[in-house]
Amino acid sequence: EAAVTQSPRNKVTVTGGNVTLSCRQTNSHNYMYWYRQDTGHGLRLIHYSYGAGNLQIGDVPDGYKATRTTQEDFFLLLELASPSQTSLYFCASSEGNNNQAPLFGEGTRLSVL
Amino acid sequence: GDSVTQMQGQVTLSEDDFLFINCTYSTTWYPTLFWYVQYPGEGPQLLLKVTTANNKGISRGFEATYDKRTTSFHLQKASVQESDSAVYYCVLDSNYQLIWGSGTKLIIKP
């Protein structure tokens, strides 16, 4: 069964802390995405990748790094977390061919105190 | 640039009411359009998809028709149920990137 699994599901850190959010997909998809979701802004794309070792910048990349270590695994890194990064983060994957709708994970809720 | 507009931030209905959520888009590409639904505590999930080839999508009683003339992709359902309470997003597939609408929260009054 197609799946996108995120971990952790909840995370609390302090300002200046170092956080890594993990995402694994078992769909053999080429594309993977990281989004953040905030009230009043909907879903905003942070970074995406079309294969292992590839990284593309999304619409709101500032303060975030990402790394795609394998086709299955995509990580989002916050090296100096700030309260403005408190948000709900979603990972998604898709085949990347035209017309393919991404499949989303369950989300990670991050609080930066 | 490409864009998607959902003007209704929230819609409140009673059970068995007719649902209509407005969505308009702008793109220079041949569009593929999606409606996603997000239930509380979950990630967005695909509700239906429409391309220029099929023009209409139907799923779980929901229906959306792509209208090139008016560049619209409205979502409709004849009779809503309490279980339809969720946030609905209109999404444009633009050259392998997704352009998301701001979402419409559907509230069903008991």
Side-chain angles (χ1 to χ4, degrees), chain A residues 1-7 9-10 21 23-25 27 29-51 54-61 74 87-110, chain B residues 1-10 21 23 25 27-57 59-60 62 64 66 73 86-105:
Chain A
E1 182 178 321
V4 177
T5 304
Q6 295 182 232
S7 63
R9 294 294 312 277
N10 292 280
L21 306 185
C23 178
R24 166 163 284 202
Q25 55 101 357
N27 314 314
H29 285 167
N30 293 318
Y31 278 70
M32 294 185 75
Y33 311 82
W34 277 107
Y35 288 89
R36 61 178 289 174
Q37 185 176 43
D38 306 285
T39 303
H41 290 279
L43 279 131
R44 294 183 289 176
L45 182 64
I46 304 170
H47 290 296
Y48 67 102
S49 165
Y50 54 73
N54 175 264
L55 181 65
Q56 302 294 316
I57 293 173
D59 300 320
V60 290
F74 194 30
S87 187
L88 181 57
Y89 291 87
F90 287 103
C91 176
S93 73
S94 75
E95 290 185 9
N97 297 325
N98 201 19
N99 307 335
Q100 298 302 313
L103 181 67
F104 281 78
E106 294 293 304
T108 295
R109 185 166 294 281
L110 174 67
Chain B
D2 295 348
S3 65
V4 171
T5 302
Q6 285 180 256
M7 296 299 293
Q8 302 153 288
Q10 183 171 298
I21 300 179
C23 172
Y25 66 90
T27 181
T28 55
W29 295 83
Y30 294 104
T32 294
L33 298 153
F34 307 107
W35 277 99
Y36 272 79
V37 58
Q38 186 175 20
Y39 299 102
E42 299 182 11
Q45 56 182 268
L46 180 66
L47 179 59
L48 52 82
K49 178 177 87 173
V50 169
T51 68
T52 53
N54 60 15
N55 284 355
K56 189 172 189 173
S59 174
R60 307 185 226 171
F62 291 87
Y66 153 67
F73 186 52
V87 179
Y88 294 82
Y89 291 96
C90 180
V91 186
L92 169 67
D93 185 334
S94 171
N95 194 25
Y96 303 117
Q97 294 202 35
L98 298 185
I99 312 295
W100 290 76
S102 55
T104 299
K105 184 175 184 179

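Naming: A, B, ... by sequence-line order, numbering from 1 per chain. If you're wondering where the values come from, they're calculated on a predicted model, not measured in any experiment.
Ring to ring, Y33(A) and W100(B) are not that close: their centroids are 6.0 angstrom or more apart.
Applying the 6.0 Å contact sphere to CZ of R109(A) captures no more than 12 heavy atoms from other residues, nucleotides or ligands.
Nearest heavy-atom pair across F34(B) and A101(A) is CE2-CB, 3.5 Å. Closest of all the heavy-atom pairs between F90(A) and E42(B) is CZ-O, 3.8 Å. Of all the heavy atoms in P102(A) and Y36(B), the pair that sits closest is O-OH, 2.6 Å.
Contact check for Y35(A) versus L98(B): side-chain heavy atoms found under the 4.5 Å cut-off.
Ranked by heavy-atom pairs under 4.5 Å with chain A, the list G43(B), P44(B), G41(B) is led by P44(B).
With a 4.5 angstrom heavy-atom cutoff, Q6(A) does not touch chain B via any of its atoms.
Interatomic distance, S94(A) OG to L46(B) CG, rounded to the nearest 0.5 Å: 11.5 Å. Distance check, rounded to the nearest 0.5 Å: CD of Q37(A) to OH of Y89(B) gives 4.0 Å.
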